[in-house]
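We count ligands from 1, going down the list as the structure has it; atoms in each ligand are counted the same way.
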Amino acid sequence: MLYLCSMNATKTPSILIIYTGGTIGMTENPETGALMNFDFEKFQLYVPELKRFPYHIDSYTFNPPIDSSDMEPKYWVKMTQVIADNYDQYDGFVVLHGTDTMAFTASALSFTLENLAKPVIITGAQLPISKLRTDGRENLLTSIEIAAARDANGMPMVPEVCIFFENKLLRGNRTTKINAEGFNAFRSFNYPSLADAGIRIKFDSILIRRPNPYLPLKPHYSFGTGIFILTLFPGIQREYVDVVMQMKNLRALVIKTYGSGNAPQKPWLFEKLKELDSRGVILVNITQCSQGSVEMRRYETGLQLLQAGAVNGYDGTLEGTVTKLMFLLGQDYTKEEILKQLNTSLAGEITLPED
Ligand code: ASP
């Protein structure tokens, strides 16, 4: 299913490229014209510069490579496993991934790779690497350089799960895809970029997380299910929420609220949410706004959600919140423990008020 292949045998630093699929490695099907994945060997044809790096570069390919719309938690487990199994042999990891669900994968890996002390840089492209005007070449080459970058003490510059795209290095679990056409496809609205690539790659070391060097990597391999996302809109009907109430095995409800975490003041909505809470369902309040944080005590319309049992999702992204819940539900935690973890920044995914 997966195989490991060696590209060259130069010495340090050593980088493992994990190719999962996505537009970066796609070519047109001559019969249908639709884009489909090719295998990693072709990258060397289209990016001969790969051989010019003074690094040892190996690759690991998903077989078959997938369009990231087909991404599933089982593949996050697989990526976690590949990184954990190869952790000691490599200085950094570059994950090639479709852009559609890249932010979900980046968020998920930031939770499964506890105590990560090496760079995991996820990148892809809006135009296939086989196209002349591809953005994939730059994204790939700079990601490799970032994965290999060390500071003056020889420590990795960015020991985090990040997305590198269109000259910006973003914390993975803060990132959202915002553009289906332009090359500038990702944003981190609530956390600044960790590095900008121009003539030089400028790292902002104050913003980069530093792991505790005494703790070993602790990979996690399970994700829970039973999560639903409820987006509020003016005119929302109780029947719509009733569908949620009837869901079997519902364990967590992410409520996408207005502004700073507000909801319409409908008694039936309050009662239904309260009932879900008493049934043990975890309610997380995140805002529909791209930027800013939830503050449930700011307005009456937010306070009612707090009173119904909703927990603050702070300034987390949808991708970060959903994958964090999947991760937490996959561990052996009680509801109280999960609520505590939701109020903790595990991998820099939220900004707590005192931060
Ligand atoms: N559908 C593609 C994917 O996410 C889009 C891309 O890679 O840009 O795999």
Side-chain angles (χ1 to χ4, degrees), residues 1-2 17-47 50 59-80 82 93-110 120-144 146-147 161-170 172-188 197 223 229 290 317-320 322-323 326:
M1 294 222 306
L2 294 162
I17 298 177
I18 302 166
Y19 172 49
T20 68
T23 295
I24 190 165
M26 288 186 181
T27 189
E28 268 161 32
N29 178 324
E31 277 155 36
T32 63
L35 288 170
M36 53 178 212
N37 282 108
F38 57 68
D39 55 59
F40 188 77
E41 299 302 314
K42 290 239 175 71
F43 272 88
Q44 290 164 77
L45 265 177
Y46 293 115
V47 195
L50 281 172
S59 64
Y60 200 105
T61 301
F62 270 45
N63 187 15
I66 59 164
D67 185 297
S68 80
S69 304
D70 290 323
M71 188 48 64
E72 294 272 347
K74 69 177 180 196
Y75 296 122
W76 298 334
V77 170
K78 198 177 268 188
M79 283 179 237
T80 303
V82 173
F93 301 84
V94 172
V95 179
L96 299 181
H97 194 288
T99 58
D100 288 346
T101 61
M102 189 184 283
F104 284 93
T105 295
S107 302
L109 295 187
S110 78
V120 174
I121 313 300
I122 308 180
T123 195
Q126 293 281 69
L127 259 187
I129 204 100
S130 54
K131 297 273 182 198
L132 272 178
R133 290 182 53 251
T134 183
D135 50 332
R137 184 178 298 107
E138 275 308 310
N139 287 346
L140 170 60
L141 296 176
T142 309
S143 293
I144 294 174
I146 291 171
V161 178
C162 300
I163 286 182
F164 179 78
F165 219 88
E166 185 70 358
N167 298 324
K168 293 241 174 270
L169 183 72
L170 308 172
N173 58 31
R174 293 291 195 149
T175 308
T176 300
K177 182 175 179 182
I178 49 100
N179 198 326
E181 292 178 359
F183 289 150
N184 204 345
F186 289 90
R187 286 281 187 291
S188 164
F223 289 94
I229 302 162
S290 305
T317 59
L318 175 73
E319 296 88 333
V322 168
T323 54
M326 290 169 107

> Among side-chain atoms of Thr61 and Asn63, is any donor-acceptor pair under 3.5 angstrom?
Replying inline: no

> Under 3.5 Å, is there a donor-acceptor pair between the Ser110 and Asn173 side chains?
Replying inline: yes

In terms of residue, atom name and distance, what is the protein heavy atom nearest to [atom]?
| atom | result |
| --- | --- |
| atom 9 (O) of ligand 1 | Ser68 N, 2.7 Å |
| atom 1 (N) of ligand 1 | Asp100 OD2, 2.8 Å |
| atom 8 (O) of ligand 1 | Thr99 OG1, 2.4 Å |
| atom 5 (C) of ligand 1 | Thr23 OG1, 3.2 Å |

>> Out of all atoms in ligand 1, which are within 4.0 Å of some heavy atom of Gly22? Include the element for each.
In response: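 What qualifies from ligand 1 is 7 (O), 9 (O).
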
>> I'd like to check which ligand 1 atoms, numbered from 1 as shown, lie under 4.0 Å from a non-hydrogen atom of Gln126.
In response: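 Per the distance check, 8 (O).
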
> Taking C-beta and beyond as the side chain, do Met71 and His97 meet within less than 4.5 Å on heavy atoms?
Replying inline: yes

> Mind checking whether Phe186 and Thr176 have side chains closer than 4.5 Å, heavy atoms only?
Replying inline: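 Result no, sub-4.5 Å side-chain heavy-atom pair not found.
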
Indicate yes or no: does an N/O atom of [X] lie under 3.5 Å from an N/O atom of ligand 1?
| X | result |
| --- | --- |
| Ala125 | yes |
| Lys177 | no |
| Thr101 | no |

> What residue among Val95, Ile122, Leu96 forms side-chain contact (heavy atoms from CB on, under 4.5 Å) with Thr20?
Replying inline: Val95

> Hey, would you say the Phe165 and Phe183 ring centroids sit under 6.0 Å apart?
Replying inline: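 When the ring centroids of Phe165 and Phe183 are compared, they turn out to be at least 6.0 Å apart.
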
> Which residues pass the side-chain hydrogen bond (donor to acceptor under 3.5 Å, both in side chains) test with Thr101, sequence neighbours left out?
Replying inline: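 Residues passing side-chain hydrogen bond (donor to acceptor under 3.5 Å, both in side chains) with Thr101: Ser68.
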
